[in-house]
Amino acid sequence: QTVAGCDSILLVDLTIHPVYDITLTDTICSNETISFGDSIYNTTGIHEYNTQSIYGCDSTVLLDLTVLLSPVTDLYVDRCQGETFFVAGQLQFETGDYTEVYPAANGCDSTVITHLTIRPSETTQIDVELCQGQSVFVGDDEIFESGIYTDTLATSFGCDSILYYNVAILEYFFSESEVIVCEGSSY
């Protein structure tokens with residue numbers, strides 16, 4: 001009614017805006033992150049973000065996130081000097097860390113890090129002086145003559161350890177002289 005007591009009609013154009021409740025589903029690899037709302041995630045689970053719609057209504061967005069494994073494997077390899085190892089697509093001669101990335105069955109990267117160590121071979125010179133008639137063993141061989149002889153052993157890493165024997169046979173001095181001693185004297 002109006003102030004004068006007359007009937008009145010009031011038309012109201014009412015719009016009801018919805019409250020949104022949305023669930024998103026996504027999958028990432030463990031070496032990745034995803035930005036959602038005002039946060040960054042890299043863990044499996046349901047993550048919630050509360051916001052307002054363009055009409056000012058409260059809305060909730062859920063992210064159902066699955067994180068797949070991106071495995072990283074460390075391999076430790078020892079090789080002897082002069083040996084090679086095939087890694088990272090080529091033969092390697094030097095100590096170092098070599099990384100290779102392969103596709104995993106789940107679509108994520110599988111990383112293999114090879115820690116290659118090149119172990120040195122060792123050499124040692126041993127000088128041996130012998131008198132004539134004496135000998136020395138070099139490995140399984142008995143040596144009676146001057147010369148340089150080698151014996152190969154293994155280091156604690158299984159690499160060559162080469163022993164060089166420098167054998168010298170010393171000549172003995174022989175002198176013959178005639179001595180005459182008088183009775184009661186000593187020589």
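All values below come from the heavy atoms of this structure, side chains included, with hydrogens, waters and symmetry mates left out.
With 3.5 Å as the limit, one finds a donor-acceptor pair spanning the side chains of Asn50 and Thr60. Residues Thr155 and Glu122 bring no donor and acceptor atom of their side chains to less than 3.5 Å of each other.
Asp58 is listed as a side-chain neighbour of Gln52, based on a closest heavy-atom distance under 4.5 Å. Side chains of Thr123 and Tyr164 form a contact here, defined as non-hydrogen atoms less than 4.5 Å apart. Residues Asp127 and Glu129 are not in side-chain contact: their nearest non-hydrogen atoms beyond the backbone lie 4.5 Å or more apart. At a threshold of 4.5 Å between non-hydrogen side-chain atoms, the residues Val87 and Glu100 count as touching. With a 4.5 Å cut-off on side-chain heavy atoms, Ile28 and Leu65 count as touching. Ile169 is listed as a side-chain neighbour of Ser146, based on a closest heavy-atom distance under 4.5 Å. You'll find the side chain of Arg79 stays beyond 4.5 Å of the side chain of Thr117, heavy atoms only. Side-chain atoms of Leu63 and Val61, non-hydrogen and from C-beta on, never get closer than 4.5 Å to each other.
For Leu75, the side-chain contact (heavy atoms from CB on, under 4.5 Å) criterion is met by Thr73, Val112, Thr114, not counting sequence neighbours. By the salt bridge (Lys or Arg N to Asp or Glu O under 4.0 Å) test, Asp78 is found to be paired with Arg119, residues two or more places apart in sequence or in another chain being considered. Tyr98 pairs by the side-chain hydrogen bond (donor to acceptor under 3.5 Å, both in side chains) definition with Gln92, not counting sequence neighbours.
Using a distance-only test at 3.5 Å, with no hydrogens or angles considered, no donor-acceptor pair links the side chain of Asp26 to the main chain of Asp64. Panel note: side chain Ser35, backbone Ile40; no donor-acceptor pair is recorded below 3.5 Å.
Residue Asn106 holds its CG atom at 5.0 Å from CG of Leu68, rounded to the nearest 0.5 Å. Here OG1 of Thr111 is found 10.0 Å from CG of Asp74. Values are rounded to the nearest 0.5 Å.
Placement of Leu130 and Tyr149 within a single hydrophobic cluster is found when ILVMFWY residues are connected by side-chain heavy-atom separations under 4.5 Å, directly or transitively. Hydrophobic clustering keeps Phe85 apart from Phe157 (ILVMFWY residues linked when any side-chain heavy atoms are closer than 4.5 Å, directly or through intermediates). Residues Val128 and Leu153 share a single hydrophobic cluster, defined by chaining ILVMFWY side chains whose heavy atoms lie under 4.5 Å apart. Ile22 and Tyr49 fall within the same hydrophobic cluster, defined by Ile, Leu, Val, Met, Phe, Trp and Tyr side-chain heavy atoms under 4.5 Å apart, directly or through other members.
Residue pairs meeting the disulfide (SG to SG under 2.5 Å) criterion with at least one partner in residues 32-69, sequence neighbours excluded, are absent. Listed by first and then second residue, the disulfide (SG to SG under 2.5 Å) pairs that reach into residues 110-187 are Cys80-Cys159, sequence neighbours excluded.
Residues Ile113 make up the rest of the hydrophobic cluster containing Val72, defined by ILVMFWY side-chain heavy atoms closer than 4.5 Å, directly or through other members.
By the neighbour-count criterion of 12 heavy atoms within 6.0 Å, atom CD of Glu171 is sparsely surrounded, having that number or fewer from other residues, nucleotides or ligands. Crowding of Glu94 atom CD: a count of heavy atoms from other residues, nucleotides or ligands under 6.0 Å not exceeding 12. Within a 6.0 Å sphere centred on CD of Glu48, heavy atoms belonging to other residues, nucleotides or ligands number more than 12. In this structure, Leu91 places its CG atom where more than 12 heavy-atom neighbours from other residues, nucleotides or ligands lie under 6.0 Å away. At most 12 non-hydrogen atoms from other residues, nucleotides or ligands lie less than 6.0 angstrom from CD of Glu145.
Aromatic pair Phe36/His47: ring centres not closer than 6.0 Å.
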List the steps, then state whether side-chain contact (heavy atoms from CB on, under 4.5 Å) holds for Val136 with Val167.
-> CA-CA 8 Å; Val136 64; Val167 178; 4.1 Å; yes

Let me see the working for Ser70 and Asp109 under side chain to side chain donor-acceptor pair (under 3.5 Å), right down to the final yes or no.
-> CA-CA 5 Å; Ser70 294; Asp109 290 341; over 6 Å; no

Step-by-step side-chain contact (heavy atoms from CB on, under 4.5 Å) determination, Ser135 to Ile143 | CA-CA 5 Å; Ser135 65; Ile143 306 300; 5.9 Å; no

Show the numbers, then the answer: is there a side-chain contact (heavy atoms from CB on, under 4.5 Å) between Ile16 and Leu14?
-> CA-CA 6 Å; Ile16 299 176; Leu14 178 65; 4.3 Å; yes

